[in-house]
Amino acid sequence: MNSLSGYNSSFSSFDSLLPNLSSLLSSGLLLGSSSAASQSSASSNATDPIQIELSTLGQLMSILGTFQSSLQQIYAPSIQFGGGTASSSNPAVASVSTSTGAQNASYLLNVSQLAQAHSATTSFSLSDSGTTVVGSGSLTITTGSYAYTSSTSATSFTANDTPVTISISNGTLSSIASSINGANAGVVANVVQNSSGAYQLQISQASTGASNNFKISVSDNDGNNTDQSGLSRLAFDQTLAVGSGQNLTQTQAALNASYTVNGASGSNASNFGIQLGSGVSANLLATGSSNITVNVDFGQLNTNAQSLASAFNTAQGSINSLLGNQVLPSNDPIAAMLPRMLNQQVQNSYSNGSSLLTMLSQVGLSYQRPAQYGLGGTLSLNVNSLQAAYNSDSSGTANLLYTAAQSLNALANSYTSQGSGSLVNETRALQTQQRNRQLVIHTPQTPNTFPFNLQNLLSYPSGNSMLSAQQISGLAMYALVYSIGAPYTLNALLVGQGLGLSSSGFSATA
């Protein structure tokens, strides 16, 4: 029988055995050590093709993300509806302006009545405006609206503001006008000179419109507040009789502006800011007709076209660099299809309403084929062709660029969308494959025979754990096998180097 003598329990700690056994394993002197070590090293240094493809797919999605950001700027609402340029064929009748929301359009504006402010003038006149005294007392001015039964007679007055009372002392026409204007009473007073050269006081509502009227009540120091003497000559209440409280003479009725826009009737209390359409307004200056035209600004249109070409060319150039650099997507049908789909998209015919402009080539954006099939082409802009398209159909030209940018963005989104994007789904599938592969590589095989090989014995955790009886039995069996093959070296090699024991204190025989 084989025998092991000189065994000492102090060496039953696995930590004391592991260093020497490990050195024997790495030197190839013990069974199976050399091949296992070399295979482990080779595996760790191998290039992972899945990781390369994942990196490339990530770069493709980044390229498309930048591309989409550029496209979205082209058809952003602030660009599409940012306002164009407007003109009036008859600027004496109306001026026109645009704001955000203006779109290409034409409007026929007919003005039949301008809005007017309620006005009345003294029925008396004076030879001077600053010397002759009109009277003393107070004026109470109220703004509101009359319920008219005729142009100068009403049944009631409804105030829409707080009455304002103004004290007058020996007031002349000029001093009374100054006092009224300084009171912020909602009316404007002016001294006017009539055709005979005499002076009168005119009082007008500050705002135009049929519902913007005024009345003036007087407290006259002479004791009579409605007669035609003293300060009461300025009384004006159209619910009262002329000459008995309605002492000013109405010179202009309060009226709204009346007009038509493309045949549709309109009315407004003001002559300013008349809305003709979305983002388009006019100021009415006189009665008459004017053709109002709104066009897209060519400068913005040219910028949009340049941006579309630049975004497309930058994206395709980056994709070409990836696909032409011997990376995995060159063999990936999903990624390889991307530049060809983009090429096709810019050559498509788009729906563009009633416009005859349906292809980018019609507005100066020409597609240039790539030198190699399967790569991305380019777009080039001819500004003269863009200008010609703008001159013939500015709205159609602008809408075509918006539509093309939106379509390209939708195509890119079919690759990058988190919910259903093809590149996103492919990335997820590769990540799952990579995780499964790593699980297989790093899962240790369970031996199904006994004794374990020496590599298994060395792989047990150390941490000052004591050798089990099974481990000791396994080591003993390896010693037995090794002693049969090399009985004269076991004492010096396995015992002396492997277990750290003195060769004189241990012997093995077969």
Side-chain angles (χ1 to χ4, degrees), residues 116-255:
Q116 295 181 166
H118 194 200
S119 297
T121 305
T122 55
S123 57
F124 66 93
S125 59
L126 301 175
S127 60
D128 64 83
S129 62
T131 303
T132 304
V133 173
V134 175
S136 297
S138 65
L139 304 175
T140 299
I141 301 174
T142 308
T143 58
S145 59
Y146 287 105
Y148 283 104
T149 56
S150 69
S151 61
T152 60
S153 179
T155 57
S156 64
F157 178 85
T158 301
N160 58 18
D161 210 342
T162 302
V164 176
T165 299
I166 306 166
S167 296
I168 304 295
S169 177
N170 296 321
T172 63
L173 292 178
S174 293
S175 66
I176 292 172
S178 296
S179 295
I180 291 173
N181 291 335
N184 193 28
V187 296
V188 177
N190 291 290
V191 176
V192 296
Q193 192 172 24
N194 59 30
S195 59
S196 64
Y199 296 92
Q200 295 173 279
L201 181 66
Q202 183 183 73
I203 302 175
S204 303
Q205 237 279 3
S207 301
T208 58
S211 297
N212 293 322
N213 307 120
F214 68 92
K215 76 172 183 176
I216 302 174
S217 301
V218 178
S219 177
D220 195 337
N221 284 357
D222 67 7
N224 193 326
N225 299 327
T226 59
D227 67 358
Q228 293 282 2
S229 176
L231 193 63
S232 58
R233 288 179 288 177
L234 302 184
F236 184 69
D237 184 346
Q238 291 186 293
T239 65
L240 302 177
V242 174
S244 299
Q246 187 179 163
N247 297 337
L248 296 180
T249 301
Q250 177 177 291
T251 54
Q252 182 170 277
L255 294 174

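A quick note: this is a predicted structure, and the numbers were derived from the prediction, not measured.
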List for me each residue that meets side-chain hydrogen bond (donor to acceptor under 3.5 Å, both in side chains) alongside Asn221, sequence neighbours excluded, and say none if there are none. none
Residues that Tyr146 engages under ring-ring contact (aromatic ring centres under 6.0 Å, His included), provided they are two or more places apart: Tyr148, Phe157
Where Ser207 and Ala117 come nearest, the two heavy atoms and their spacing: O-CB, 3.9 Å
Tell me, please, which residues at least two apart from Ser196 pass side-chain hydrogen bond (donor to acceptor under 3.5 Å, both in side chains). Asn194
How would you list, by chain and number, every residue that makes a side-chain contact (heavy atoms from CB on, under 4.5 Å) with Ser138, sequence neighbours excluded? Thr165, Ser219
Please find the pair of heavy atoms, one from Thr140 and one from Pro163, that lie closest to each other, and give the distance. CG2-CB, 3.8 Å
Any side-chain heavy atom of Thr121 sitting closer than 4.5 Å to one from Leu248? no
Expected list for residues 169-181: side-chain donor-acceptor pairs under 3.5 angstrom, two or more places apart:
from	atom 1	to	atom 2	distance (Å)
Asn170	OD1	Ser136	OG	3.3
Thr172	OG1	Ser175	N	3.2
Thr172	OG1	Ser175	OG	3.2
Ser174	OG	Ser129	O	3.0
Ser174	OG	Ser129	OG	3.3
Ser175	OG	Thr172	N	2.8
Ser175	OG	Thr172	O	3.2
Ser178	OG	Ser174	O	3.1
Ser179	OG	Ser175	O	3.0
Asn181	OD1	Ala189	N	2.8
Asn181	ND2	Ala177	O	3.3
Asn181	ND2	Ala189	O	3.0

Testing the basics here: between Ser123 and Thr249, what is the closest heavy-atom pair and its distance to 0.1 Å? CB-OG1, 3.8 Å
List the residues meeting side-chain hydrogen bond (donor to acceptor under 3.5 Å, both in side chains) with Ser119, not counting sequence neighbours, and say none if there are none. Ser204
Could you tell me whether a side-chain N or O of Asn247 sits under 3.5 Å from a main-chain N or O of Thr226, the two making a donor and an acceptor? yes
Answer whether the closest heavy-atom distance between the side chains of Asp237 and Lys215 falls below 4.5 Å. yes
Under the side-chain contact (heavy atoms from CB on, under 4.5 Å) test, which residues partner Val164, sequence neighbours left out? Ile166, Ala183, Ala185
Whether the side chain of Asn190 engages the backbone of Val192 through a donor-acceptor N/O pair (distance < 3.5 Å, no angle test) should be reported. no
Might you point out which heavy atoms bring Asp220 and Asn225 nearest each other, and give the distance in Å? N-OD1, 2.7 Å
Does some side-chain heavy atom of Thr208 sit less than 4.5 Å from a side-chain heavy atom of Gln116? no
Going by atom types alone, do Thr143 and Asn213 pair a side-chain donor with an acceptor below 3.5 Å? no
By side-chain contact (heavy atoms from CB on, under 4.5 Å), Asp128 pairs with (sequence neighbours left out) Thr131, Thr132
Side chains of Ser244 and Gln228: does their closest heavy-atom pair fall under 4.5 Å? no
Apply side chain to side chain contact (heavy atoms under 4.5 Å, CB included) to residues Thr239 and Gln246 and explain how you reach the verdict. CA-CA 8 Å; Thr239 65; Gln246 187 179 163; over 6 Å; no
Could you pull out the closest heavy-atom pair between Asn212 and Gln205, with the gap in Å? O-CG, 3.2 Å
Tell me, which pairs form a ring pair (Phe, Tyr, Trp, His ring centres under 6.0 Å) where one or both residues lie in residues 166-209, sequence neighbours left out? none
Do Leu126 and Val134 touch side chain to side chain, with heavy atoms closer than 4.5 Å? yes
Atom of Val133, atom of Arg233 and distance for their closest heavy-atom approach: O-NH2, 4.5 Å
About how many Å separate CD of Gln238 and OG of Ser151, when rounded to the nearest 0.5 Å? 8.5 Å
Applying side-chain hydrogen bond (donor to acceptor under 3.5 Å, both in side chains), name anything that partners Ser229, two or more places apart in sequence or on another chain. none
Do Ile203 and Leu201 make a side-chain contact, defined as non-hydrogen atoms from C-beta onward lying under 4.5 Å apart? yes
Any non-hydrogen side-chain atom of Gln200 less than 4.5 Å from a side-chain atom of Gln193? no
So, using side-chain contact (heavy atoms from CB on, under 4.5 Å) as the criterion, who are the partners of Thr155 when residues are at least two apart? Ala147, Thr149
